[in-house]
Every structure is written in C-alpha cells, then in structure tokens.
Amino acid sequence: MKKLSNQYLEEAIEDSKPYAANGEIKPDIPRMDEKMRDMLGVTIITPDFEIYRAGEYDQTVPMQSTSKIIGLMLALQDFGKDRVFQTVGMEPMGDFFNSISSLESPANEKPFNPMVNAGAISVASLIKGQTVENRFSRYLDFLKDITENNELKMDEEVYEAEVNNGARNRSLAYFLQSTGTLVTDVEDALDLYFRMNSIMMNSTGFARVGLFLARGGYDPDGNKLIPDQHLRTVKAIMLTSGMYNASGHYAVEVGFPCKSGVSGSIIGSVPGVMGIGVVSPPIDSKGNSTAGGALLKKLSKDLELNMFGIENIKDKH
Ligand code: GLN
C-alpha cells in the first residue's frame, strides 16, 4: 500500500493525465474551454482534516450533476426517506443520464433514481421554501456549511446557459408534470435545478462534500447536520447510480461511493476514511471525467480504499 502525501498525489496525477485525451470537454458550459484539456486537480481530506492536494486543485468548475447529492440530502431532511422515494426510484438506470424513454416505461411511473436528470428534477421539487429564491438560498447555505466556504455562489453566465440550453431537461420536467410526479410548479423545479448546476466549486469543495458524507454528517465545527440513516441512503445511491450507466464499473474498479458531473468534477466518499474531490473537464460518452475516473481507480488500488476489500481491517487482526 502506498502512503498518502502531496508527492504521491502529484505522481498519481501524472499517471492519470494521459486519459484526458480520451474525453471531450462539453462545449456549451461557460467558464470551460479547450485550455482546460490537460487540467487535472485533486484534493483529499481525512477525518481529522488533514488536507492533501495536487495539480490544479484550485480550479473552479460548475457543479453540474455533483449538485444532485446535496439536493437529495435536503429533500431527505425535509420529507424523510419514504416520501422522497414515492417521488423517485432507487434503482440504477442503464440508459444515459438525460434519457426520456425510461420515463415512459409502464413499470416505472417515476424516474429511476435521484442521480439522473429526471430524478434530480423531481427531488428539486421536494425541497421546501416559499419561493425558488428561498429554496436555492437554503441549498446554498447548506453547501456553505458543509464546505466551510462562505464565498460559494452560482455563476450567472452558467445559469443562463443552463436555462437557454435546457430543452431536454424541460422535456423531462414537463413529462414528470404530466404524470403528477412534481410537487412544485414545473418551472420552479427546473429553475432550482438549473441554479444548483451553476454553482462554482473547486476540488477542495468537492472533497469537503465527500468528507461530510464519509464522517457522519458533521460540519467542520462539529455540528451534526444530517442523521446517519440519510447519509447511508445517499452513499448507497451514489454507489449504485452516481456514475450513471457506468456505476457498476466504478463499483467494481473503485469500490466506494462517487458522484460525477459533466464539468469533469467527481466527489468521492470513502466511509470513515476520506473525502476526495477531483476536477478534470474532458468527459466520456457517459458523462464521466476520463482522467478523473482513471485517478480514482489508481487511488483506490494504491491506497486500498475499496470498501469491499478487507485491506482496511487487516491491521486490526
Ligand atoms: N447540466 C447538465 C444537465 O442538466 C448536468 C448533467 C450532468 O452533469 N450529468 O444535463
């Protein structure tokens, strides 16, 4: 087993960077361009808040789909597990994350899970608040507490692009409205979803979210913000669906809960061990960062992070 250090992370990054050539940067996201093609940054934070970082760890990108796990936590807080999963399923989906056809399957009646677009829009419609602004500020305040970063905000230009390029998400949302799945007004659910996607964050912020899930839902000041049962639910859903229709592959090759976004961001959460944040914009056809994914596989192997292994408990025998 390798020892975690900044030096080790630099080496791991150099090993993983060539995989960026297998991906493409999503062209319609403001703040992201071809200059970011070779970019790879990582932050790891341990439960006693030791921080390890390497590469372009400070580069911010829009959260995109990594925002879906925060929305799920808030909805679970607001309504509890039974009510949330009346609105959205908890099963993995074999189709792409913005699939429309899966919604119409008579066997389903609701989106497959909260990690795909339709599921996240349903979840967004559950988050409590009088107006979209109230709901979004609850969302942002929760994220600021988790990441200990009061500067976090939505990028207006990214938000405008989400709205202007949102035809597919609008189709999903209006279909959900037709089946009675949405709790709020359809445009309100979409607006909150677009805002969540547009929050800018760096790898350290992503790592803090992973750590929050990994160490019992405490903010850095020691306040417990979310009960264990909800944390377990979120991590299980991340493991089975967080990397979309490559989640099985990541469960086998990485073996801990992860959530990706089309900005090339990934949140990793190794229960009791560490939070990992990765940013590398080129993504594969399923929407996952190619170099970021390669890096997670390497970290899992070198640092023995696979939760299905017995490596972590070897020392205790
Ligand atoms: N903004 C993207 C969308 O709604 C987010 C999807 C993603 O990151 N996979 O399609």
Side-chain angles (χ1 to χ4, degrees), residues 23-32 36 60-72 88 92-103 111-125 132 136 139 143 154-176 182 186-201 203 205-206 209 237-238 240-247 249-250 257-268 277-290 292-293:
E24 295 297 334
I25 297 181
K26 200 167 182 295
D28 54 359
I29 309 180
R31 311 282 173 223
M32 305 204 25
M36 296 169 124
T60 58
V61 290
M63 286 185 82
Q64 297 293 335
S65 275
T66 55
S67 65
K68 291 177 166 86
I69 56 184
I70 312 294
L72 177 58
V88 64
M93 181 171 89
D95 298 320
F96 289 101
F97 61 79
N98 55 6
S99 155
I100 293 179
S101 60
S102 63
L103 286 179
F112 266 88
N113 66 67
M115 301 289 107
V116 295
N117 290 13
I121 294 167
S122 300
V123 168
S125 86
V132 178
F136 183 62
Y139 182 102
L143 191 56
M154 173 185 101
D155 183 292
E156 290 291 340
E157 228 181 283
V158 177
Y159 168 68
E160 256 168 54
E162 292 292 321
V163 172
N164 293 334
N165 306 329
R168 181 66 164 247
N169 288 322
R170 243 176 232 109
S171 316
L172 294 169
Y174 276 86
F175 186 88
L176 293 171
L182 296 181
V186 59
E187 285 295 335
D188 282 0
L190 276 164
D191 196 13
L192 181 57
Y193 175 83
F194 292 144
R195 289 172 193 234
M196 288 158 34
N197 276 260
S198 311
I199 299 167
M200 299 298 286
M201 203 136 87
S203 72
F206 293 120
V209 176
I237 299 283
M238 284 168 73
T240 52
S241 302
M243 304 297 278
Y244 312 113
N245 43 342
S247 298
H249 173 83
Y250 278 90
C258 296
K259 178 76 202 91
S260 63
V262 288
S263 50
S265 46
I266 308 179
I267 292 170
V278 180
V279 172
S280 178
I283 54 171
D284 63 20
S285 61
K286 294 182 175 174
N288 298 320
S289 168
T290 50

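Throughout, residue positions are numbered sequentially from 1 according to the sequence presented. Here the structure is a predicted model, which is why all the values come from computation and not from measurement. Whatever order the structure lists them in is the order used to number ligands and atoms, beginning at 1.
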K.L.:
Centre of Tyr139's six-membered ring, under 6.0 Å away, within 45 degrees of the axis: is that where NZ or CZ of Arg195 sits?
P.N.:
no
K.L.:
Under 4.0 angstrom from ligand 1, any heavy atom of Asn197?
P.N.:
yes
K.L.:
Taking N or O atoms only and a 3.5 Å limit, does Phe97 qualify as a polar contact for ligand 1?
P.N.:
no
K.L.:
List every atom of ligand 1 that sits less than 4.0 Å from any heavy atom of Gly261, numbering the atoms from 1 in the order shown and giving each element.
P.N.:
8 (O)
K.L.:
When you compare the side chain of Met93 with that of Asn245, does any pair of heavy atoms fall below 4.5 Å?
P.N.:
no
K.L.:
Decide whether an N or O pair under 3.5 Å exists between Glu162 and ligand 1.
P.N.:
yes
K.L.:
What is the closest protein heavy atom to atom 1 (N) of ligand 1, and at what distance does it sit?
P.N.:
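Ranking protein heavy atoms by distance from atom 1 (N) of ligand 1, first comes Gln64 OE1, 2.5 Å.
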K.L.:
Would you check whether Gly287 reaches within less than 4.0 Å of ligand 1, judged by its heavy atoms?
P.N.:
no
K.L.:
Would Tyr244 count as a contact of ligand 1 if the rule is a heavy atom under 4.0 Å away?
P.N.:
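Under 4.0 Å: yes for Tyr244.
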K.L.:
Check each atom of ligand 1 against the heavy atoms of Ser65 and keep those under 4.0 Å away; list them by number with element.
P.N.:
5 (C), 6 (C), 7 (C), 8 (O), 9 (N)
K.L.:
Looking at Asp284, is its backbone amide N or carbonyl O close enough to the side chain of Asn288 to form a donor-acceptor pair, meaning the two atoms are under 3.5 Å apart?
P.N.:
no
K.L.:
Taking the six-membered ring of Phe206, is the NZ or CZ of Lys259 close enough (under 6.0 Å from the centre) and on axis enough (within 45°)?
P.N.:
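Ring-cation test returns no.
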K.L.:
Heavy-atom contacts under 4.0 Å between Asn117 and ligand 1: side chain, backbone, both, or neither?
P.N.:
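The side chain, only.
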K.L.:
Verify the ring-centre separation between Phe97 and Tyr244: is it less than 6.0 angstrom?
P.N.:
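Yes.
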K.L.:
Check Asn169 against ligand 1 and report side chain, backbone, both or neither, counting heavy atoms closer than 4.0 Å.
P.N.:
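The part of Asn169 near ligand 1 is the side chain, not the backbone.
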K.L.:
Using distance alone, with no hydrogens and no angle criterion, decide if Asn117 and Asn169 have a side-chain donor and acceptor under 3.5 Å apart.
P.N.:
yes
K.L.:
Do Asp155 and Ser198 get their side chains close enough for a donor-acceptor pair, meaning under 3.5 Å?
P.N.:
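Note: Asp155 and Ser198 side chains miss the donor-acceptor criterion.
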